[in-house]
Amino acid sequence: MTARPTHIGALVARVEDDRLLSGAARFAADISLPGMLEAAFYRSPLPHARIEAVGIGDALDVPGVSGPFTAADMTDVSPFPDFDEFARPVRIFPLARERVRYVGAPIAVVVADDRYRAEDACELLEVDLDPLDPVVTTDAALAPDAPLLYPDWPDNVVIDFPVDNPDANAEFDGRMAVSGRYEVGRHTGVPMETRGVVAEFREGRLTVWSTTQFPHIARTMLSYCLPLDENDIRVIVPDVGGGFGVKAEFYPEEVTIPWLAMRLGRPVRWIEDRREHLLATCHARDLVLDIEAAVDGDGRFRAVRGMAIQDLGAAEMYPYGFSPAFTAIGHITGPYRIPHQSVGLVAVATNKTPCGAYRGFGIPEAAFAIERLMDKAADRLGIGRNEIRRRNLIGQDDIPYTTSAGAIIDSGSHREAFEETVRVTAERVEHWRADLAHDSRIKVGSGVVNYLEGVTPTYYMTTGHWTAFDSCSMRVNPDGTVVVSVGVSTSGQGLESMLVTLTAEALGVRREQVRVVMGDTDRTPYGLGSWGSRSTNVASGALRIASDLLLDKATRIAGHLLEASPEDIEVYDGALSVRGSPGASVTWQQVATAANIRTVDLPEGVEPGLEASATYEPPGIEHVPDEFGRVNAAATYTNASHAAVVSVDTGTGQVRVLEYIVAHDCGTVINPQIVRGQVVGGIAQGIGGALLEQLHYDEWGNPQSTSFLDYHLPGATEIPAMQVLHFESPAPEMPWGAKGAGEAGIIGPAPAIAAAAEDALSDIGIAEINRTPITAPYVLGLIPGS
Amino acid sequence: MKPPPFRYARPDSLDEVLRILDEHDGGARVLAGGQSLIPLLNFRLARPEVLVDIALVDEFSRLAVEDGVLRIGASVTQHAAETSDEVARHCPLLSKALPLVGHLQNRARGTVVGSIAHADPSAELPAVALVLGATMVVRSVAAERTIPADQFFLGPFTTALEPDEMLLEVRFPAGTAARTAITEIAPRSGDFAIAGAAGRLTATDDGTVANVALALFGVGAVPQRLPEVERLLEGENVTPEALDEAARITTATAEAGSEDVHADPAYRARVAGELTRRIVEEMAA
């Protein structure tokens, strides 16, 4: 079979958009079942307290209320299992037992005929909490006399992973050391749709509709926690309005709502409101990288060492919240030839919302630190900020290159993307300087940064269980239509389109012949879901193996029907044809009819049916770091260069992003519109984290950003025009060379904007920008004399 | 984020609105555009017994210039005022301020009078009322009275309105003689201001300025005039030195009590000086 490239890279409309844009999609909140009750949670108003009693109060005065239900009622529920070998075990119960460790922790749940009444009842509960001293910062958590979040621990340290690599230390002898402390603020993924769970228990079988990013893992976890076999549980992911990683955690509500449905014998629905989202969905980032680099006189980095200090919040999060910090360490050298590193980690518990996954997953933190440090070294040495990168970047000659963190870079366009970004940025910054020259208070600057991103990471570090595989089943119906079911699931990012395209490409069928099934544990093979920029990568791997099995059989049948050799059959445009004989052709319908209905037409030795299943585990992934933190934890690595052109108002400190330039390489682009959407959306979120978003706490641990009044997401007016330049360095081991585009955009904005703001103020000379968000008061405070 | 139980009334006359307010003695709240009240309800931070929706009271929708006064009734939306030729002609500062109020969607429902009655310290329109010397027309079952803007704002979200009173109308002096300006710093377009400054003045051919009125918003508990800065500029040429001095005095004298997660009082005071400089410079140019 020769490749007749037809669909890869074609600009075609997303197949899911008719549904999503016309209002025909069905989200969790659209699910309404006969007799359904709605739940509301009583959440801790205190950051740290002992639960003395939960009383009904006057809650039963509200019509139709049942509850409250507490941990004491959930005697048949097991805590989340703990598989980790590195960290102190945190036992997570669906509803808090004995103690609450953050404002928003679920203590009790009530149900009523509607959410209004459920909230009315929650308000009337009499919950007796005995306040304990809160721990609000990492410094406070590490203090010798700190109050303990987990009384059976000697301290508040969840994970202590010191690294002392003598090879790295030796590089500091006689070399210039450049150091910095880089802090990425506490922010999180805020999808348009919040979380939601609907559960029904009928005839001994539990059906759960959940906004989760990993339905099969959710089912396994439910089976661990509830007294049910996996066979008795079906998890369905309805249409989902964005995940961004925060829905790739398994949450207390995902056990509590199903348990209520079992207990009450009625369907129960819980739709998270925005306040709950900002309190009880995982937070992210809140990482300090305190690092130094040994730098040669010509700007070449020889080693990086230091510590990652992670504020995990209450640490009650599974998959584990410390995993992004490990990923940060794995990416600390960026796409640079830095021969040695020695970066350790300490992750501590504090009385804040537990941290977990958010798009970028540690890599934005790493990029912020190493790119800021590179700018600092350039400034110190009097080398241009672009020139120092040029001297350190991985080139084509270096590939394959193993970073000092253990990442094996087998492809990429690091230098090419960088130079193109530098070239375009230089033009654009001149344009903007001229455009704003009339206002002497406004200064314009730019910054270019680089990164690489490990995609399709092992999940083992994050879960202690799962690794990186996924699955695909394909079945050809008698009429020639094809059903493709996969273990990844979508949150709206276009996976359906991707799978339609790849199936059409692999089988030579028309796109319209393909139907995709995902997000349903009854109808899809076991898989790990969608996170870590993995779906295209792993699904394409499994799909290719399955489609090859299927094609092998289909061409044998077609060859038989056409009286030709199977080797001479090629597939395209919905038909199986004899190469070189355009008239000698059968349709997929004819082949599938033979396979499924008219089995009398099958050749000797060919079994009935036309379907195939396969799994794909990316080769070469390591699951556990060595003593120096080295691990090749991802299937492959994407790269990009980002540039921000910003203005800074010297009178107020306000930074505005005027334009954004990105040269992005995610391997083969399957659908340029989807990749562009992923990149642009990621950059928009990155700009939010860089300039605006911060989950503030006061000094007593009370959250201060509990609505959109105070948690500021970027809007259309904050997102600039973007130039997206595509580079394509196919992943060598992948059938179509696709890597993954889900997270990359979010990684670059913080260091690019920080560098650009410093550049804008270079005439004035300001203190280093070393934290996010880069707010107006913060920038004004860096200007001398302010 | 669901409101506690409340009753809902939608009377079609002013008398009935006032009767309900009187009857509930502070337990009733007027619902106009709802852009602040509905979120407060959903957060259960406001718990009125009854919401009095004034949408059906025709006379509240009046926007008119009469006898040198721009009268804006209680249900006139910010968008209606923003797009009104009469407002643009007779009260240009209000026209300039309105685009800074929230987003278009908010202004399509939010009302001018509602924003003033809500008295958010970060809001633009109370400062505009203060700068222009607007008059509040207030009525209860018992009596009607007027309150000048400089006596209306008592504290954050607190006004001189009694519980049984309703702000019927705001009257802005109409006029085109003055130059006006407003500016603010907000984290995003459409946000409540971290700090803002609004002003009016008249300028003569010789370059001197007079009738200077300046006000800050977002900086302290209420919108505040800047009497020392106004005196400094009154009758003078606006030189670069005068601008520096105006900024310095603003920073030094502003009552900068507002502190939240977005900015501390010191930043607000400092930026208030810078913003004051900018509006004076713009108006004097």
Side-chain angles (χ1 to χ4, degrees), chain A residues 38 40 62-63 112 114-120 122-124 194 271-278 439 441 649-656 688 691-698 703-719 773 775-781 783 786, chain B residues 1-6 35-36 39-45 47 99-100 102-106 120 122 183-197 218 240 243-244 247 250-251 259-279 281-282:
Chain A
E38 293 213 72
V62 180
D114 63 44
R115 175 69 180 251
Y116 292 80
R117 284 181 166 153
E119 289 192 22
D120 292 345
C122 262
E123 255 192 346
L124 295 169
T194 55
I271 304 297
E272 182 184 59
D273 68 30
R274 192 58 70 181
R275 183 170 179 276
E276 288 181 292
H277 185 84
L278 292 171
D439 190 340
R441 290 175 293 234
D649 184 327
T650 54
T652 64
Q654 190 150 43
V655 177
R656 287 188 188 285
L691 294 179
L692 294 164
E693 295 174 44
Q694 175 80 334
L695 291 154
H696 294 272
Y697 281 81
D698 71 12
Q704 306 292 295
S705 313
T706 58
S707 81
F708 285 161
L709 192 65
D710 287 314
Y711 189 77
H712 286 164
L713 294 166
T717 46
E718 285 68 51
I719 303 303
T775 62
Y778 171 59
V779 172
L780 197 65
I783 296 176
S786 51
Chain B
M1 281 169 76
K2 303 292 184 199
F6 59 85
Q35 296 302 289
S36 299
L40 288 171
L41 283 170
N42 286 342
F43 278 106
R44 299 186 177 228
L45 296 171
R47 296 171 173 274
L100 300 175
H103 300 275
L104 179 61
Q105 292 86 340
N106 303 115
D120 189 309
S122 303
T183 191
E184 68 180 29
I185 177 168
R188 300 169 301 182
S189 166
D191 279 335
F192 282 109
I194 289 176
L243 288 172
D244 284 346
T250 302
T251 298
E259 173 156 27
D260 61 19
V261 297
H262 305 301
D264 63 12
Y267 178 80
R268 289 185 149 90
R270 182 185 153 140
V271 170
E274 178 66 21
L275 298 177
T276 300
R277 174 212 304 274
R278 290 179 186 186
I279 61 163
E281 190 176 11
E282 180 186 336

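Since this is a predicted model, take the numbers as computed values, not measurements. In the text below, chain A, chain B and the rest are named by the order of the sequence lines, each starting its count at 1. FYI, side chains are in, hydrogens and waters are out, and symmetry mates aren't considered; it's all heavy atoms of this structure.
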A:Asp120 to B:Pro3 - nearest heavy-atom pair and separation:
OD1-O, 4.2 Å
Side chain, backbone, both or neither of B:Asp191 within contact of chain A (heavy atoms, under 4.5 Å)
side chain
Distance from A:Gln654 atom CD to B:Arg188 atom CZ, nearest 0.5 Å?
11.5 Å
One should read off an interatomic distance between B:Phe43 CZ and A:Asp273 CG, to the nearest 0.5 angstrom, of 8.0 Å
Looking at A:Asp649, A:Thr706, A:Leu691, which has the largest count of heavy-atom pairs under 4.5 Å with chain B?
A:Asp649
Is A:Arg274 atom CZ crowded by more than 12 heavy atoms from other residues, nucleotides or ligands, each under 6.0 Å away?
yes
Proximity breakdown for B:Ala186 and chain A, heavy-atom pairs closer than 4.5 Å
backbone
Working to the nearest 0.5 Å, report the span between CG of B:Asn42 and OG of A:Ser707.
11.5 Å
Interface moiety of B:Arg44 toward chain A, non-hydrogen atoms closer than 4.5 Å
side chain
For the CG atom of A:Leu780 and the CD atom of B:Glu274, what is their distance to the nearest 0.5 Å?
8.5 Å
A:Glu119 and B:Lys2 have their tightest heavy-atom pair at OE1-N, 2.9 Å
Where does A:Asp698 contact chain B at under 4.5 Å (heavy atoms): side chain, backbone, both or neither?
neither
Sub-4.5 Å side-chain heavy-atom contact between A:Thr652 and B:Arg278
yes
Do you know which of B:Val271, B:Leu275, B:Val261 has the most heavy-atom pairs with chain A at a distance under 4.5 angstrom?
B:Val261
Applying a strict 4.5 Å limit to non-hydrogen atoms, the region of A:Glu123 in contact with chain B is side chain
Quick one: sort the B:His262 and A:His696 rings into parallel, tilted or perpendicular, breaks at 30° and 60°.
perpendicular
Counting heavy-atom pairs under 4.5 angstrom with chain A, the leader among B:Asp260, B:Asp264, B:Ile194, B:Ile185 is B:Ile185
With chain A, the option among B:Pro4, B:Pro5, B:Gly273, B:Pro39 that has the most non-hydrogen atom pairs under 4.5 Å is B:Pro5
side-chain contact (heavy atoms from CB on, under 4.5 Å) with B:Gln35: which residues, sequence neighbours excluded?
B:Asn106, B:Arg109
Specify which of A:Glu276, A:Gln694, A:Gln704, A:Glu718 makes the most heavy-atom pairs with chain B at under 4.5 Å.
A:Glu718
Below 4.5 Å from any heavy atom of chain B, which atoms of A:Leu709 appear? Answer side chain, backbone, both or neither.
both
So, using side-chain contact (heavy atoms from CB on, under 4.5 Å) as the criterion, who are the partners of A:Asp439 when residues are at least two apart?
A:Arg441, A:Ile442
Identify which part of A:Phe708 has an atom lying under 4.5 Å from any heavy atom of chain B, answering side chain, backbone, both or neither.
backbone
